[in-house]
Protein chains: 2
Amino acid sequence: MAKVGIKDIARIANVSLATVSRTLRTPDLVQEATRQRVLDAVAESGYKPNRMGMNLRTQRTGNIMVIIPDITNPFNADLIRSIEETASNNGYAVLLGDTQSSPEREQQYVDLVEAGQADGMLYFSGRNPFNINPDKPLLEQLPTMVNSNEELDLDGIDKVLLDNAKAASEAVQYLLDLGHTRIAAVTGPMNTKSANGRLQGYRQALQQAGVEIDDKLIIEGDYHIDAGVEATEKLLRLKQRPTAIFCFNDDMAIGAINVLQANDYRIPEDISVIGFDDILYSTYVRPALTTVSQPVQEIGRLCTEKLIARLRGSHDEPTTTYVSHKLVVRDSTGPAPK
Amino acid sequence: MAKVGIKDIARIANVSLATVSRTLRTPDLVQEATRQRVLDAVAESGYKPNRMGMNLRTQRTGNIMVIIPDITNPFNADLIRSIEETASNNGYAVLLGDTQSSPEREQQYVDLVEAGQADGMLYFSGRNPFNINPDKPLLEQLPTMVNSNEELDLDGIDKVLLDNAKAASEAVQYLLDLGHTRIAAVTGPMNTKSANGRLQGYRQALQQAGVEIDDKLIIEGDYHIDAGVEATEKLLRLKQRPTAIFCFNDDMAIGAINVLQANDYRIPEDISVIGFDDILYSTYVRPALTTVSQPVQEIGRLCTEKLIARLRGSHDEPTTTYVSHKLVVRDSTGPAPK
DNA sequence: TTGTAAGCGTTATCAA
DNA sequence: TTGATAACGCTTACAA
C-alpha cells in the first residue's frame, strides 16, 4: 500500500490540496457538501496528515522535551506521568531525555530542542547547558522552557520550586522535638541545589536549637538506594552513633532502614529514620517511612501548564512558583532513646 | 537574535547551500579548505540544522515511540530506561506514550507514529490498535514495530517475549515442593496475555501435582499495589486460608506483605508470598521478596535493537525472541505450616 | 569539487 | 467558497 497523501485525497474528492487541508484544519471555511466529500475520502482511505510536512510548515512539532536525571527514581517516574498526562490533554507528546545526570546527555537533548525537534522543554537539572552570549538579550537565546526540581542559575525563566531549606529544617525540628540531638544527614550529590538547600535547612535547625553540628554525621549520597546503604553502614561504625538519620530522599531512607534492620536495630526505638519525597513505596516499607512529602503531581502539572502557556504565545513576566511540602509522620520516627 | 539557518551559513562561508549540507553530512566530499570555512561559520554562529526541514526531506525523525501502560511501575520504568539508553546510543530519541491502559490513548499514540511523528514503535500492549484490511498484505499496513511484554495477536512482526506459563509454573512448583497445597493466585488483568499465561502455568503446576484447583483462591488483580492489598484482605477472610500467595507482579506482592503483617501474620512462617518481575524494591522489602526475575534490561535492549535494525532497512524474517526468567529465592517463602 | 534546482507534505496567502 | 502557488529548511540528483 503506497502511503496515501493529501494529493490522493484531493484527487478522490475532486478538490484542490488547499481544500483538503482546510477541511481538516478549518472546516468552517468549507462548504458542507465539499467538506463531506473530503471527509469521506479521508475516512475511506485512512489518510493521516504527515506530521513532518505539517511540522515544517507550521514550525511546531507538538513535542515537549523532558530532561530529567533518572526515570527509575519513583519520584521522577511520578513526575513524568503527571507531565505526560497534562501534555497529552493539551495535544502535546513527551520526548523523554533520561540523562543519568550526564552533562553530555543533557547537552545532547538540549541540542535537539534547539534544533526544533521539540517546541519547548522541561528542564530538571541545575546545570546550565547553554552557550550564552552576554551581549545579547538572554531570553532570545534560550529555548522555551520551564525549570524545576534543581534550580538553574538563570533569571527570567519560569520555574517551579520547593523550599528545600525550609522543608528540611522542619524535618530536623521534628526530630529535635522528639529529643534527638545526634541527627545524621545523608545528602544528595553536593553539586545539586536540592541537596545544598536541604543541608542548609538541616544546619539551620540544629544551630537554632543550639545543637553542635558534627561533620561526621553528614554523609554525601546520590539519591540512590545503595548510597543510603553505604552511608548507614558508615554511620553505624561511629563510636558516637546517631539516634536519627535524615535521608534527603526516600530511596536512600529505604536503604538505611534495610541496613539498620540487618544489624538488629529497632526502628524507631533505637534509631529513627526520615526520608524526603513521599514516594508510594514509603508507605509499604516496614516500618512505614516518615518523610517530607512533595506534591509531585502538582509539580508536573504546573511545569507543563506553564510551558504550554508560553508555547501558546504568552509573554507574561516569567514567574517562580513555590509548591508546598508537608511532613508526613509514619512509623519510622519516634522519641530519642534514653 | 534571528534564528540562523543554512542560508546564513552559506552566505558567511561564501558557498552554496549544498556545500554547507555536504560539509555536515558527508564531509569527505568537501575540500579541506572549504570544509573548514563552513565549519568555522557553523561554530561561530551556533548553527544547528533544523530538524523539521531535515525530517521532511529525509523522511525520518529519529524518534522511537514507546507505548506502555504505566511508567510508574518500576518494571516499566527500568524497561524505558534501558530502551532510552539503547536508543540514545544509536542516535534515536524516545517519544513516551504512557497509556494508563486506555485504548484511546494507545490509539492516539499509534496514530502519531502512523502520521510520521516517529520512525517506529515499541508496543507493550496486547490490544490490536490497527485497522487491518484483510485483502492487503499485513506487513505493508503496519508501522515498523516490535511487540513485547503483552503479546499481540499478529503474526509476522518482531516480538520479545517471556514464557509466562513456564515461569509461573516453576514458581508454583517451588511452593509445592515446600509442602504448600493451598496456593492463592493474585493475577493481573485477565484481558492481558501475561496474566493468562501465568494463570495457565499456575493451573498446570497444580494439576500435575494432583492438587485440586480452588477458584476461591484465584483473585483478579491489576498489577498495582492496591490490588495486592485488596486481594489479600479477601483471601484472609476465607474459612480455608491459603498458606502461600503467588502475586503476578512484585507491586501486588508488596501490597500483600503489607496486609499480612498488619494482621500479625508472620512471613513466611504462617504464609509465604512470591512475586513476579524482580523490581529493585523487592530486595528492600522486609522480608525480602522471593520472585520470578525478568531480564528487564535485556528486554529493553533487545526490543530497541530489533526495531533499529528494521529502521536501518533489515528485511530479515520477523522473529520472536524468548528471554529467560529465573526464580530468585529470598525470605518471603518457606515451608508450609504444619 | 561545487553549484543549481527539485522536492519532501503540508499550510497559508492571494486571487478568482 | 475554492484553487493556484509559494514557502517552510533541508538533502540530493544532476550538471558544471
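Chain A is the first sequence line, chain B the second, and so forth, proteins listed ahead of strands; every chain is numbered from 1. Predicted model, so just to flag it, every value in this text is computed and none were measured.
Terminal axes of the helix from C:dT1-D:dA16 to C:dA16-D:dT1 (five pairs each, C1' rotation axis) are separated by 40°, to the nearest 10°.
One interatomic measurement links the two molecules: CG of A:N14 to P of D:dT2, which rounds to 12 Å at whole-angstrom precision. When the C1' atom of D:dG9 is taken as reference, atom CZ of A:R60 falls 18 Å away, rounded to whole Å. In this structure, CD1 of B:I6 is placed 13 Å from C1' of D:dC8, rounded to the nearest angstrom. Straight-line distance from the NZ atom of A:K7 to the P atom of D:dA4: 14 Å, rounded to whole Å. Atom-to-atom, NZ of B:K3 to C1' of D:dC10 comes out at 15 Å; the value is rounded to the nearest Å. Atom-to-atom, CG of B:L29 to P of C:dG3 comes out at 14 Å; the value is rounded to the nearest Å. Rounded to a whole Å, the CD1 atom of B:I9 is 12 Å from the P atom of D:dT11.
In this view, A:D40 and A:Q36 satisfy the side-chain contact (heavy atoms from CB on, under 4.5 Å) rule, not counting sequence neighbours. Not counting sequence neighbours, B:D98 has no partner by the salt bridge (charged side-chain N to carboxylate O under 4.0 Å, His left out) test. For B:L17, the side-chain contact (heavy atoms from CB on, under 4.5 Å) partners two or more places apart in sequence, or in a different chain, are B:I6, B:K7, B:A10.
Closest non-hydrogen pair, B:S194 versus B:Y223, comes out as OG-OH, 2.7 Å. The minimum heavy-atom distance linking A:T61 with B:M52 is given by the pair CG2-CE, 3.6 Å.
Two residues, A:R25 and B:R37, neighbour DNA chain C, and the one matched to the more 5' nucleotide by heavy-atom proximity is B:R37. Along DNA chain D, the nucleotide nearest B:V20 and the nucleotide nearest A:A33 are compared for position; the residue whose nucleotide lies closer to the 5' end is A:A33.
Within residues 48-59 of chain B, the residues having any heavy atom under 4.0 Å from DNA chain C are, by residue number, B:L56, B:R57, B:Q59.
Residue pairs satisfying the salt bridge (Lys or Arg N to Asp or Glu O under 4.0 Å) criterion with at least one member in residues 13-28 of chain B, sequence neighbours excluded, are absent.
Between B:E150 and B:K193, no side-chain nitrogen of the basic residue sits less than 4.0 Å from a carboxylate oxygen of the acidic one, so the salt-bridge criterion is not met. Checked for salt-bridge contact, A:E140 and A:K136 miss the test: no charged N lies under 4.0 Å from a carboxylate O.
Candidate nucleotides C:dT13, D:dT12, C:dC8 were compared by shortest atom distance to the side chain of B:R22, and D:dT12 ranks first. Distance from the side chain of A:Q31 is smallest to D:dT2 among C:dT10, D:dT2, C:dT2. Considering only the side chain of B:L17, D:dT11 comes nearest among D:dT1, D:dT11, D:dA4.
Just one residue in the list B:L95, B:D119, B:I308 forms a side-chain contact (heavy atoms from CB on, under 4.5 Å) with B:I64, and that residue is B:I308.
For the pair B:Y47 and D:dG9, the criterion of a side-chain N or O lying under 4.0 Å from OP1 or OP2 is not met. One finds no side-chain N or O of A:S16 lying less than 4.0 angstrom from the OP1 or OP2 phosphate oxygen of D:dT2.
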